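What you see is a predicted model, and the numbers here were worked out from it, not measured in a lab.
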Amino acid sequence: MAGAGNLLHKMKAKVGLGSSASADAGKGKGKTQRSVTHGFHLVKGQSKHGMEDYLVSDITILGGIELGLFAIFDGHLGHDVASYLQVNLFQNILMEPDFWTETEAAIRRAYHTTDKAILDQAMSLGKGGSTAVTAILINAEKLVVANVGDSRAVLSKKGVAIQLSVDHEPSKEKKLIESRGGFVSNLPGDVPRVDGQLAVARAFGDKSLKVHLSSEPDVKSEMIDDNADFIILASDGLWKVMNNQEAVDAVKSIKNAEAAAKYLTDEAVKRKSKDDISCIVVRFQ
């Protein structure tokens with residue numbers, strides 16, 4: 001379920017860029033000569049439906065610039081929207097004409113463009129939706145994180161966990177949801193839900209709820225300096241049972257990124273997480 005070379009080849013063709021160097025599947029070096037490695041792991045949850053998490057974990061060269069493309073897509077009410085995002089979201093971001101000059105604004109527009117395309121294809125993609133957290137690493141120097149929903153990105157800096165994304169919980173956005181004519185339920189023994197259904201306040205898709213939901217991403221840029229250790233991206237299957245600092249502490253001594261991602265998913269299972277769990281670790285050497 002990781003975005004592979006095929007996806008990147010199609011992306012390069014659509015955005016009109018050729019590869020000036022072959023991309024190593026798990027390693028890259030920016031202009032700073034900072035080494036970047038990445039790995040991922042996924043575990044299906046205990047629900048009766050199929051796996052609904054998808055991800056992209058790739059480093060490639062576009063127009064002579066090294067790009068790390070990392071994303072977690074956590075689908076609900078079916079996997080079709082998350083699968084669509086895996087193939088199309090980065091492509092739409094990179095097709096924005098001012099991606100290189102106004103990166104944050106370009107990402108915001110691409111999120112909205114992609115959501116509109118999903119809603120327009122609701123007959124084929126179904127009534128479900130997906131959260132998303134994306135991280136674009138430019139020349140191993142600048143990291144741009146965007147998200148809708150509760151999949152999360154956490155940066156470790158000298159061993160201290162720094163959350164780069166925003167958890168879009170219905171209880172936090174109750175006034176906005178109510179201003180759109182919706183409501184937030186808060187039943188005993190359950191989490192707050194939009195219109196008594198969805199446990200996140202922002203998402204791609206969900207056509208039947210869209211009038212009360214937002215697809216507006218939170219976007220944050222962070223410069224990667226020598227104090228940066230690694231990034232963790234994961235679906236809420238991990239974050240329901242582990243806080244940010246616990247996750248950082250658990251893998252700070254694991255130098256292999258894929259082994260670190262697997263350790264985190266295994267630990268979430270040990271802690272009785274019943275949800276699908278997907279995790280990416282990106283390490284800076």
Original post:
If you measure only the distance, is there a donor-acceptor pair under 3.5 Å linking the side chains of Asp206 and His76?
Top reply: yes
**OP:** Verify, without hydrogens or angle tests, whether Thr103 (side chain) and Phe99 (backbone) share a donor-acceptor contact under 3.5 angstrom.
**Re:** yes
Original post:
So with a 6.0 Å cut-off around CE of Met123, is the heavy-atom count from everything else above 12?
Top reply: no
Original post:
Same cluster or not: are Val56 and Ile138 linked, directly or through other Ile, Leu, Val, Met, Phe, Trp or Tyr residues, by side-chain heavy atoms under 4.5 angstrom apart?
Top reply: yes
Original post:
Any salt bridge between Lys220 and Glu104, counting N to O under 4.0 Å?
Top reply: no
Original post:
Are the side chain of Gln46 and the backbone of Lys274 linked by a donor-acceptor contact shorter than 3.5 Å?
Top reply: no
Original post:
In terms of hydrophobic clustering (I, L, V, M, F, W, Y; side-chain heavy atoms under 4.5 Å; direct or indirect links), are Leu209 and Leu176 co-clustered?
Top reply: no
**OP:** Go through the side-chain N and O atoms of Asn244 and Gln163 and say whether any donor and acceptor fall under 3.5 Å apart.
**Re:** yes
Subject >> Side-chain (Gln121) to main-chain (Ala117) donor-acceptor, under 3.5 angstrom >> reply: yes
Subject >> Non-hydrogen atoms of Ala132 and Phe204 that approach each other most closely >> reply: CB-CE1, 3.7 Å
Original post:
Which atom names give the shortest non-hydrogen contact between Ser215 and His112, and what distance separates them?
Top reply: OG-ND1, 3.4 Å
Original post:
Does any donor atom in the side chain of Asn256 or Arg283 lie under 3.5 Å from an acceptor atom in the other side chain?
Top reply: no
Subject >> Crowding at CG, Asp98 (>12 non-hydrogen neighbours, <6.0 Å) >> reply: yes
Original post:
Would you say Thr114's side chain and Ala110's backbone share a donor-acceptor pair under 3.5 angstrom?
Top reply: yes
Original post:
Are the charged groups of Asp167 and Lys172 less than 4.0 angstrom apart, N to O?
Top reply: no
Subject >> Check ion pair Asp275-Lys240 (N to O, under 4.0 angstrom) >> reply: yes
Subject >> Polar contact flag, side-chain donor to acceptor under 3.5 angstrom, Asp53-Ser278 >> reply: yes
Original post:
Are the charged groups of Lys157 and Glu222 less than 4.0 angstrom apart, N to O?
Top reply: yes
Original post:
Is the closest side-chain donor-acceptor distance between Gln245 and Asp249 under 3.5 Å?
Top reply: yes
Original post:
Are side-chain N/O atoms of Asp218 and His168 paired as donor and acceptor at under 3.5 Å?
Top reply: yes
Subject >> Side-chain H-bond candidate by donor/acceptor type, Thr134 with Tyr111, under 3.5 Å >> reply: yes
**OP:** Identify whether Phe90 and Val144 are in the same connected component of the hydrophobic contact network (ILVMFWY, side-chain heavy atoms under 4.5 Å).
**Re:** yes
Subject >> Least distance between heavy atoms, Ile277 atom then Thr265 atom >> reply: CG2-CG2, 3.7 Å
Original post:
Strictly by modelled atom types, are Ser151 and Asp74 linked by a side-chain donor-acceptor pair under 3.5 Å?
Top reply: no
Subject >> Minimum heavy-atom distance Leu119-Gly205, with the two atoms named >> reply: CD2-O, 3.7 Å
Original post:
Taking the side chain as C-beta and beyond, is there a heavy-atom pair between Met51 and Leu42 under 4.5 Å?
Top reply: yes
Subject >> Under 3.5 Å: donor-acceptor pair, side chain of Trp239, backbone of Ala234 >> reply: yes
Original post:
What is the minimum heavy-atom distance between Ser57 and Ile280, and which atoms define it?
Top reply: OG-CG2, 3.8 Å
Original post:
Side chains of Asn92 and Thr113: donor-acceptor distance under 3.5 Å anywhere?
Top reply: no
Original post:
Would you call Glu216-Arg108 a salt bridge at under 4.0 Å N-O?
Top reply: yes
Original post:
Are the charged groups of Asp266 and Lys262 less than 4.0 angstrom apart, N to O?
Top reply: yes
**OP:** Determine the minimum heavy-atom distance between Ile232 and Cys279, stating which atoms define it.
**Re:** CG2-SG, 4.0 Å
**OP:** Ignoring hydrogens and angles, tell me if any N or O in the side chain of Glu96 forms a donor-acceptor pair with the backbone of Ile93 under 3.5 Å.
**Re:** no
